[in-house]
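Quick note on labels: first sequence line is chain A, next is B, and so on, each numbered from 1. Values in this document were obtained by computation on a predicted structure and should not be read as measured data.
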Amino acid sequence: MDTSLHIYNTLKRKKEVFEPINPPFVGIYVCGPTVYSDVHLGNSRTFISFDIIYRYLLHLGYKVRYVRNITDAGHLEGDRDEGDDKFAKKAKLEQLEPMEIVQKYTLGFHDVMGIFNTLSPSIEPTATGHISEQIEMIKEIISNGYAYENNGTVYFDVEKYSKDYQYGQLTNRKLEDLLEGTRELGGQDEKKGRLDFALWISAKPETIMKWPSPWGWGFPGWHIECSAMGKKYLGETFDIHGGGMDLQATHHTNEIAQSQACSNTAPVKYWMHTNMLTVNGARMSKSAGNGFLPHELFTGNHPLLERGYSPMVVRFFMAQSHYRSTLDFSNEALQAAEKGFQKLIKAGETLNKLGDSSESTVNIKELKNNCYKAMNDDFNTPILIAHLFEAVRIINSANDGKEKLNEQDLKDLKDLYKTFVFDVLGLKEDQAQGSEETGLTGDLIDLILNLRLDAKKNKDFATSDKIRDELTKKGVTIKDTKDGFEWEI
RNA sequence: GGUCGCGUGGCCGAGUGGCUAGGCAGCGGUCUGCAAAACCGUCUACGGCGGUUCGAAUCCGCCCGUGACCUCCA
């Protein structure tokens with residue numbers, strides 16, 4: 001059986017065996033957020049997906065350099081390559097400095113990533129911190145003849161480039177088709193070709209964020225930052241480049257073009273794209289106005305939500321679908337995920353209390369192999385989770401005395417949980433709302449439940465049920481066991 | 001209009017040319033004073049019409065529906 005890791009490569013439109021360029025090192029670049037507004041849940045999905053990919057690569061023993069940029073300049077609205085970028089516009093709106101906008105939403109982004117238990121990237125470079133690298137790259141592209149300057153703005157010459165390379169290879173599009181689908185030029189445009197995009201944009205007198213360049217004061221185009229920073233930290237050709245599927249046709253296509261035009265090498269060996277989060281079948285996006293913010297989800301403070309869901313439930317919910325599939329968002333689906341997540345975590349707690357047996361009625365080795373098989377097949381987390389629920393069944397059955405686990409089984413199961421549930425899927429126990437209770441409250445609940453136990457022994461069920469009902473109303477869940485009770489808030 | 005996808009049981013969501021993922025919900029049972037939890041069993045689907053095949057939900061064709069991208073968006 002082939003046990004090597006397979007990755008679906010957008011460039012080839014098929015799964016390929018993953019062979020790093022310089023093993024054991026792996027370079028991975030993921031397009032990070034544009035920090036001019038709060039990240040919504042759809043954005044989060046991409047970063048959670050790549051967090052699991054990063055974690056699995058680490059688990060396999062690769063020395064991974066994970067680069068995820070922060071776009072803090074140069075991102076224009078619309079297709080007009082003029083005027084202020086998103087940060088300056090937002091700054092005017094909120095009456096702040098552009099860099100205050102950047103700071104505010106960068107911190108917010110990191111906060112959300114922390115809440116979702118994602119690992120920090122190895123390097124998190126910013127566009128504004130790499131202006132000179134971008135300028136150098138643009139100069140190189142111009143001298144290679146694939147870009148031209150007009151009134152202080154530099155455009156990438158797509159038609160020229162297409163004579164030597166395949167421009168639309170990532171999305172399998174032909175130049176003629178692309179040209180057909182593009183709208184007419186506005187008239188006062190300075191571009192030669194309608195597909196040409198800006199590498200450097202000349203500043204207007206009122207532009208706030210601008211830098212000096214060989215072409216005068218200006219700011220970089222959006223696509224060049226990722227090419228420049230990927231090259232700087234991971235080399236001219238690196239292993240994996242990831243991002244959302246919406247970036248495929250434009251951003252990543254242009255990244256490839258820039259790198260080819262600059263260095264005459266393909267920048268990336270494996271392109272990976274995560275699919276969109278949808279709401280009622282339509283893509284969640286900023287512009288559509290159907291975005292959920294993470295904190296709205298946690299608190300339930302949103303018109304479409306009946307109540308809140310914890311960050312780990314959301315993470316589990318996302319891991320239950322494959323990263324290349326769309327995932328639809330609904331109360332019902334979240335509730336199902338919540339139940340499943342709790343079952344998984346509770347079984348993990350039960351596992352720690354199990355005693356071993358001299359015999360074994362289960363096959364943990366096979367289970368473990370199945371888990372690896374699932375992850376090796378293009379990070380198939382839903383299949384992994386299906387296998388983990390087999391572990392749940394085994395644990396709970398053993399707890400009921402219906403399966404027998406020997407010492408090795410217990411060790412292997414604990415190891416399985418640590419590896420896949422916690423290290424790879426990146427799940428952790430939710431902070432129960434009541435976990436910060438003082439010991440006194442817990443003692444009091446124990447006291448009350450001990451009184452209830454006495455009532456039960458005396459067959460005074462009216463009293464025992466009353467106590468249970470009242471405590472349930474207060475949010476304390478009671479489970480009777482053979483000779484006692486368990487409770488949680 | 002062009003490119004690329006998708007259509008799976010009540011819901012979410014994998015996968016596969018024959019061996020009926022998984023979670024949630026439902027139903028029946030075991031356990032329990034009753035619950036809860038847990039376990040066992042049950043329900044067993046692949047848009048429509050053709051074709052290839054011993055055999056297709058899985059491959060091919062057509063049709064219908066739906067989505068993404070082609071314009072900023074993870």
Side-chain angles (χ1 to χ4, degrees), chain A residues 10 13 30-34 36-37 39-50 75-80 85-86 168 171-174 176-183 195 222 242-251 253 273-278 281-288 291 316-317 320-322 324-341 343-344 346-347 350 370 374 377 380-390 392-393 395-403 456 459-461 464-465 468-469 472 477-482 485-486:
Chain A
T10 307
R13 315 224 146 235
V30 173
C31 291
T34 304
Y36 71 101
S37 67
V39 284
H40 62 67
L41 218 55
N43 303 321
S44 306
R45 186 192 182 196
T46 292
F47 303 127
I48 289 172
S49 295
F50 280 107
H75 207 154
L76 290 166
E77 288 196 36
D79 59 351
R80 312 283 307 217
D85 65 17
K86 289 186 171 178
T171 45
N172 198 25
R173 277 172 231 211
K174 295 186 182 114
E176 310 87 80
D177 296 337
L178 285 166
L179 283 167
E180 215 169 285
T182 315
R183 289 180 297 191
L195 289 174
W222 174 37
M245 275 194 185
D246 50 349
L247 300 181
Q248 242 173 238
T250 306
H251 184 55
T253 290
H273 290 97
T274 57
N275 216 320
M276 300 293 111
L277 191 63
T278 60
R283 174 185 167 192
M284 184 182 288
S285 74
K286 285 174 189 172
S287 45
F316 177 78
F317 168 70
Q320 269 190 310
S321 75
H322 188 82
R324 280 190 290 113
S325 301
T326 54
L327 172 60
D328 202 54
F329 204 70
S330 68
N331 274 294
E332 237 182 330
L334 280 169
Q335 274 164 28
E338 184 173 70
K339 286 270 182 72
F341 173 69
K343 191 170 165 180
L344 184 68
K346 272 181 196 159
T350 305
N370 286 337
D377 184 14
N380 199 323
T381 52
I383 295 285
L384 168 65
I385 289 171
H387 291 308
L388 290 175
F389 275 105
E390 171 64 9
V392 170
R393 206 215 89 234
I395 291 164
N396 287 331
S397 291
N399 196 35
D400 272 15
K402 285 167 185 158
E403 296 276 15
K456 276 176 70 182
K459 305 228 183 272
D460 180 4
F461 298 123
S464 77
D465 286 356
R468 186 172 61 197
D469 290 347
T472 302
T477 309
I478 295 153
K479 276 187 255 173
D480 289 343
T481 58
K482 266 182 205 133
F485 53 80
E486 286 174 9

Can you list the residues that meet the side chain to side chain donor-acceptor pair (under 3.5 Å) rule with A:E390, with sequence neighbours excluded?
-> A:R393
Does the side chain of A:T46 come under 3.5 Å of the side chain of A:T274 through a donor N or O and an acceptor N or O?
-> yes
If we take the P atom in both B:A45 and B:G10, what is their distance in whole Å?
-> 10 Å
Expected string for nucleotides 10-23 of chain B under the B/S/- scheme (protein heavy atoms, under 4.0 Å, primed atoms plus P, OP1, OP2 as sugar-phosphate) is -SSSSS-----BSB
Determine the interatomic distance between C1' on B:A56 and the same-named atom on B:G48; round to the nearest Å.
-> 16 Å
Report the nucleotide, chosen from B:C69, B:C4, B:C34, that has the shortest atom-to-atom distance to any side-chain atom of A:R13.
-> B:C4
A:H251 near the nucleic acid: base, sugar-phosphate alone, or nothing, with a heavy-atom cut-off under 4.0 Å?
-> nothing
Who passes side chain to side chain donor-acceptor pair (under 3.5 Å) against A:S321, sequence neighbours left out?
-> A:R45
Using the P atoms only, state how far B:G18 lies from B:C60, rounded to an integer number of Å.
-> 15 Å
Counting only side-chain N and O atoms of A:T171, is one of them less than 4.0 Å from OP1 or OP2 of B:C70?
-> no
Quick one: A:K479 NZ to B:A37 P, roughly how many Å, whole number?
-> 8 Å
Examine B:C4: is either OP1 or OP2 under 4.0 Å from a nitrogen or oxygen in the side chain of A:N172? Give yes or no.
-> yes
With distance as the sole test, does A:T253 use its side chain to make a donor-acceptor pair with the main-chain N or O of A:Q248 at under 3.5 Å?
-> yes
Quick one: which of B:G33, B:A35, B:A74 gets closest to the side chain of A:D480?
-> B:A35
Looking at every strand, decide which applies to A:L277 at a 4.0 Å heavy-atom threshold: base, sugar-phosphate, or nothing.
-> base
Could you check A:K456 against A:T274 and say which one's nearest nucleotide on RNA chain B is further toward the 5' end?
-> A:K456
Taking OP1 and OP2 of B:C39, is either one under 4.0 Å from a side-chain nitrogen or oxygen of A:N396?
-> yes
Ring pair (Phe, Tyr, Trp, His ring centres under 6.0 Å) filter on A:F50, not counting sequence neighbours, yields none
With distance as the sole test, does A:T381 use its side chain to make a donor-acceptor pair with the main-chain N or O of A:L384 at under 3.5 Å?
-> no
Reckon A:G243 touches a base, only the sugar-phosphate, or nothing at all at heavy-atom distances under 4.0 Å?
-> sugar-phosphate
Atom NE2 of A:H273 and atom P of B:C4: how far apart are they, to the nearest Å?
-> 16 Å
Proximity to the side chain of A:L247 - top-ranked nucleotide from B:G33, B:A74, B:C69 | B:A74
Give one of base, sugar-phosphate or nothing for A:S285, where a contact means two heavy atoms less than 4.0 Å apart.
-> base
Which whole-number value in Å describes the distance from A:M284 CE to B:A68 C1'?
-> 15 Å
Would you say the side chain of A:R283 and the base of B:C69 hold a donor-acceptor pair, judged only by whether the two atoms sit under 3.5 Å apart?
-> no
Nearest-angstrom distance from the residue atom NZ of A:K459 to P of B:U32 = 12 Å
Sorted by chain and number, sequence neighbours left out, salt bridge (charged side-chain N to carboxylate O under 4.0 Å, His left out) with A:R324 holds for A:D378
Please work out if A:M245 contacts a base, only the sugar-phosphate, or nothing of the nucleic acid, heavy-atom cut-off 4.0 Å.
-> nothing
Residues which pass salt bridge (charged side-chain N to carboxylate O under 4.0 Å, His left out) with A:K174, listed by chain and number, not counting sequence neighbours = none
What nucleic acid atoms does A:T350 come within less than 4.0 Å of, heavy atoms only: base, sugar-phosphate, or nothing?
-> nothing
Send over the distance from A:D246 CG to B:C4 C1', rounded to a whole Å.
-> 14 Å
Non-neighbouring partners of A:D328 that pass salt bridge (charged side-chain N to carboxylate O under 4.0 Å, His left out), sequence neighbours left out = none
Describe, in one word, how the ring planes of A:F316 and A:F389 are oriented to each other, choosing from parallel (under 30°), tilted (30 to 60°) and perpendicular (over 60°).
-> perpendicular
Whole angstrom is fine here: how far is it from CE in A:M276 over to P in B:A68?
-> 11 Å
How many Å lie between CZ on A:R468 and C1' on B:A35, as a whole number?
-> 4 Å
Residues forming a side chain to side chain donor-acceptor pair (under 3.5 Å) with A:S397, sequence neighbours excluded | none
B:U58 and B:C49, which share atom name P, separated by this distance in whole Å = 12 Å
Could you give the distance separating B:C46 and B:A14 at their C1' atoms, to the nearest angstrom?
-> 12 Å
Picking from B:G2, B:A74, B:A35, which would you name as closest to the side chain of A:T34?
-> B:A74
Any donor and acceptor pair, going by atom type alone, linking the side chain of A:D377 with main-chain N or O of A:N380 inside 3.5 Å?
-> no
For A:D465 and B:A36, give me the distance from atom CG to atom P, rounded to whole Å.
-> 12 Å
Using the P atom in both, what is the distance from B:U71 to B:G65, to the nearest Å?
-> 26 Å
Looking only at atom P, what distance separates B:U42 and B:U20, rounded to whole Å?
-> 13 Å
Where does RNA chain B form stems of at least three consecutive Watson-Crick or G-U wobble pairs, each pair having both distances below 3.5 Å?
-> B:1-7 with B:64-70, B:10-12 with B:22-24, B:26-30 with B:38-42, B:47-51 with B:59-63
How far, in whole Å, is B:U8 from B:U3 if one measures between their P atoms?
-> 25 Å
